[in-house]
J.: 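My structure is below; once you've seen it, I'll send some questions.
So you know, we letter chains A, B, ... as the sequences are listed, proteins then strands, and number each from 1.
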Amino acid sequence: MQCTSCSFCTVTCPVMNVLLTDASSPRGRVQIAYGLYTGELEVDESATQRLYECTTCGMCDHTCPSGVHIVDVIKAARKVVYPEHAVEKQRTFADNITEKEHTYGELKEPIWAFTGHAPKERSEIAYFMGCKITAETGHKQGIAAVNILDRLGVDFTTLNEVCCGAPLMYIGVSEDRIRKQMEKNINEIRKRGVKKVLFSCPSCYYMFEKVYPKYTDVSDIEFQHIVEFLDGKLSPDEFEAGTEPITYHDPCHLGRTFNIYEEPRNLIKLIPDADYAEMEHNRENSLCCGAGGSLALYEPSLTKKMADRRVAEAGERTVVSACPNCVGNFSKHTNAMSIEELLWTKLKG
Amino acid sequence: MIPSEMLEELKALLGDRVSSAPADTYVFGFDASIHHHKADAVVFPESTEEVAEIVKLCNKYRVPVTPRGSGSALAGQAVPIKAGISMSFKRMNRIKEVRVEDLQVIVEPGVINDDLNRELAKYGFFYPPSPGSGKVATIGGMVAMNASGMRALKYGATRDYVMALEVVMPTGEIAHFGTHTIKDASSYQMAKLMVGSEGTLGIITEITLRISPLPKDTSIVLAAFEDARMAGQTISDIIAYPMIPASVEFMDRVCLQSVINSRGVDFPLVDAVVMIELEGTEEEMAEDLKKVEEIARKNGAVDIRVSSDPEKMKEWLEARKAVLPSMSQYARGKMFMVSLADDMSLPISKIPDAVYGFHEIEKRHPHVVLGVYGHAGDGNLHTIFLIDPRKEEAWKDAEKMVEEMYELVIDFGGTVSGEHGIGITKAPFMRIEKKDSMELMKRIKRALDPNDIMNPGKNVEWDDGILVDLRYPVEFGGD
């Protein structure tokens, strides 16, 4: 009822702008959730489809003048449709996480094997890598992050981490299963005396900073995205000059949830004579890459269409981002790299 | 339910651009009004020819068809109240031709107002009608409602800008009304008849609009008052001076609080604010600004703010445009905005008395909080009701209040809608206001739409009350 049905969210939604139907707009999803709640709609394929056709990018929350937490409504409604109507790939991910602790199944290589950093018994700072980096994208982002921290002389530890639980939340799996992931991670962090955790993945950061505190008191631990940590710790004279033509893609959570827009740009601009230009939609108006919110599991063809729109904005420029999910998605369609890789390859020596 | 043969024929025509999926037909049963009714199927045509074929099928099978832009109508115009087909124009959204030398632009109905203005700005032109919902309002919807918005005082409403229309008539033939010339005295002004017809007389598939050069410079004055009647008096005094600003907007305390809560804008929280938008050369504006300030001070303004900074003016204008959807932020979680008596137009001189009168009526209705805002400079007010829509007594109280307010409007020589249209929610009061022309209008409807398929049951055809097919979780126990 908080929703006045004004439709302001419909024109900014990147999914709606591809599918061009009100049924797949934020307002439409809120209305479907309402219909499921009142019983006017049954849980069926059509309701499921519209609820999962969303990347939870948060553009609607950012737009809504009525202050409706639209993404929260969608996530709650997904819990209703998940048991009967999840697709196989969603179930596989959920089972992987709860049975093998990681989104993509058991790790083929432990973190220490490709980073050279085994978990330390005690350390005040930890680096949480996230499933996308530990398992799928060739570890490059994680290696670069670890190398930069080493170069700065940061005393940190890696962790025997498990999936943060974000995919479970996006798919609509029950909160109990998310809590189990949280308990394992928080126990691991506390066991090593960690006071601050750094993240490369904005979704992991979101879970620790915004979701875990709903379940338990984690106020004794500070959580921070790595671009925020690195901002101000490097100087231009440490970098080789020049880059290929690049642009920066704002990850949804890092931007619209945490307002971290300038820190990654500050880091990129440390590179003397960087060939940098913004895309048309940037900062709070940035368009989702299409891979968020488990959409890539449910409807990969829609993910591709959304990525295509963003790639068209980037043109010939390499897309740099601070999210392994975005980088992984863009890499299927254009040149893309993480901000950690960009910085590490341009650092002298 | 629509016949299965018809659905098959629609699929043959449109492929996957037709849906009868329950979630889809449910969503297309909403607009921004208080009403909801599921469609039987949703279609997404991409051309005038497809629209004509769909309408022919509707006519053949006697199935209602309700056209839909962005679904932001406030009185139920896009709700398929008799079920049937909901026709979305999201896929007919091209700006077909910009002809600045002929002062016109040709568009498809799904083009969004602000997108059109972004394109026209490249040529130094704009389309002046400026609804608060300009970010989402489609040109087709604006024509169907005769929408206007903030600049009507100086520039007029949509009707003043429609030069020509392509319309699919209720029997499926394609008709062209109006001309591509500035002047037109050729027979009946059918294009003007279609403007404001709310999809009940035909479906608009192409629109030729007159355009205007962008103004040179603009400034905005915000004048704050602790007495809303004096704010209204200020508006009348400015017009009578004489001065015709680009817009003169009014917001009362409830609206100001809502938009401050929603957007954090730096509006003063007072009984009422008048926002005056001036255009012209630097010299012209300096003179007008001086006079506006003088009039506002004479009427007891407690705070006057002036800006020519584009960023600040954009912030103020966008905040003003966000008043309506921000209203649920006033008493969050307890009272919610519902669209009742959302729009009325009055002789400009009656604004102070109308604002006072509405709030006096509000005092007699304990279940309603009333917000008043609008384009007061042209006599067009919007009133927003905040109620708990889960409670029957709140609706009954609100219904009575709507009746009293519209009685006042009609007594003042006003009309029940200035720009949001009639649809369902205002139809009972239009019957009172236009009692001697209702039958004539019904005859026009019957002549053009003999099988009553075109957005049926709305406007001149609605013969029920307003608390019908509500989209809220409330049950009425009966009288």
Side-chain angles (χ1 to χ4, degrees), chain A residues 1-13 15-53 60-70 77 80-81 85 280 285 301, chain B residues 17 19-34 36 38 42 44 68-72 74 86 88 90-91 93 110 112 114-115 132-133 135-137 258-259 261-263 319 321-329 332-333 335-339 384 388-390 471-473:
Chain A
M1 284 183 298
Q2 188 85 28
C3 172
T4 60
S5 207
C6 68
S7 82
F8 279 29
C9 60
T10 64
V11 291
T12 57
C13 172
V15 171
M16 166 78 181
N17 283 326
V18 170
L19 296 179
L20 298 175
T21 170
D22 284 12
S24 203
S25 70
R27 178 178 67 171
R29 282 179 261 280
V30 168
Q31 288 162 343
I32 289 167
Y34 178 75
L36 294 174
Y37 170 73
T38 59
E40 291 174 280
L41 271 182
E42 290 180 9
V43 177
D44 71 353
E45 290 294 337
S46 67
T48 305
Q49 179 190 345
R50 297 314 186 190
L51 290 169
Y52 280 128
E53 277 174 350
C60 48
D61 285 354
H62 175 70
T63 306
C64 179
S66 299
V68 179
H69 298 296
I70 299 170
V80 177
V81 300
H85 293 279
E280 181 190 345
N285 295 318
S301 64
Chain B
R17 288 183 284 114
S19 172
S20 57
D24 293 1
T25 54
Y26 180 77
V27 168
F28 278 80
F30 291 91
D31 59 11
S33 72
I34 60 174
H36 177 255
K38 271 185 78 167
V42 185
F44 301 88
R68 179 184 179 92
S70 285
S72 56
L74 288 157
S86 175
S88 169
K90 285 290 171 193
R91 288 177 181 270
N93 61 354
I112 286 173
D114 283 7
D115 291 344
S133 59
K135 280 181 185 172
V136 297
S258 301
V259 82
N261 289 354
S262 166
R263 303 179 70 93
K321 288 184 173 187
V323 165
L324 189 150
S326 300
M327 289 300 290
S328 285
Q329 301 262 26
R332 206 172 165 159
M335 302 186 95
F336 301 91
M337 172 274 203
V338 295
S339 183
I384 297 298
D388 183 343
R390 294 162 293 197
R471 67 174 163 105
Y472 301 92

J.: Is a side-chain N or O of Ser66(A) found less than 3.5 angstrom from the main chain of Val68(A), in a donor-acceptor match?
T.: no
J.: Counting only heavy atoms closer than 4.5 Å, note whether Thr21(A) contacts chain B via side chain, backbone, both or neither.
T.: both
J.: Give the member of Val259(B), Thr25(B), Val27(B) that has the highest number of heavy-atom pairs under 4.5 Å with chain A.
T.: Val27(B)
J.: If you count heavy-atom pairs under 4.5 Å between each of Met16(A), Glu45(A), Gln49(A), Glu40(A) and chain B, which one has the most?
T.: Glu40(A)
J.: Among Ala137(B), Ser133(B), Ser258(B), Pro22(B), which residue forms the greatest number of heavy-atom pairs with chain A at distances under 4.5 Å?
T.: Pro22(B)
J.: Give, as side chain, backbone, both or neither, the part of Leu74(B) having an atom under 4.5 angstrom from any heavy atom of chain A.
T.: neither
J.: Indicate yes or no for a side-chain donor-acceptor contact from Ser88(B) to the backbone of Arg68(B) under 3.5 Å, with no hydrogens or angles considered.
T.: no
J.: Could you tell me which of Ser262(B), Pro325(B), Gly71(B) has the largest number of non-hydrogen atom pairs under 4.5 Å with chain A?
T.: Pro325(B)
J.: Relative to chain B, which segment of Leu41(A) carries a heavy atom at a distance below 4.5 Å: side chain, backbone, both, or neither?
T.: side chain
J.: Look up atom OG in Ser46(A) and atom NE2 in His85(A), then write down how far apart they are to the nearest 0.5 Å.
T.: 9.0 Å
J.: Apply the test side-chain contact (heavy atoms from CB on, under 4.5 Å) to residues Asn93(B) and Ile112(B): give CA-CA distance (whole Å), side-chain angles for both, the deciding distance (0.1 Å), then the verdict.
T.: CA-CA 8 Å; Asn93(B) 61 354; Ile112(B) 286 173; over 6 Å; no
J.: Quick check on Arg29(A) against chain B: is it the side chain, the backbone, both or neither that has a heavy atom closer than 4.5 Å?
T.: neither
J.: I'd like to verify something: which residue of Ser339(B), Ala322(B), Ser70(B) has the highest number of heavy-atom pairs under 4.5 Å with chain A?
T.: Ser70(B)
J.: Look at the aromatic rings of Phe30(B) and Tyr26(B) and report parallel, tilted or perpendicular, splitting at 30° and 60°.
T.: perpendicular
J.: Just to verify, what does Phe336(B) make a ring pair (Phe, Tyr, Trp, His ring centres under 6.0 Å) with, not counting sequence neighbours?
T.: none
J.: Rounded to the nearest 0.5 Å, what's the gap from SG on Cys9(A) to NZ on Lys135(B)? Could you check?
T.: 11.5 Å
J.: Could you tell me which residues satisfy ring pair (Phe, Tyr, Trp, His ring centres under 6.0 Å) with Phe8(A), sequence neighbours excluded, listed by chain and number?
T.: none
J.: Heavy-atom distances under 4.5 Å only: say whether Asp31(B) touches chain A with side chain, backbone, both or neither.
T.: backbone
J.: Among Arg471(B), His36(B), Met337(B), which residue meets the side-chain contact (heavy atoms from CB on, under 4.5 Å) test with Ser5(A)?
T.: Arg471(B)
J.: Go through the atoms of Tyr472(B) and report whether side chain, backbone, both or neither lie under 4.5 Å from a heavy atom of chain A.
T.: both
J.: Using heavy-atom distances under 4.5 Å, tell me whether Asp22(A) contacts chain B through its side chain, its backbone, both, or neither.
T.: both
J.: Under a 4.5 Å cutoff for heavy-atom pairs, which residue among Ala47(A), Ser7(A), Cys3(A), Cys6(A) has the most contacts with chain B?
T.: Ser7(A)
J.: Only pairs of heavy atoms separated by less than 4.5 Å count here; which of Val338(B), Leu324(B), Asn261(B), Asp24(B) has the most with chain A?
T.: Asp24(B)
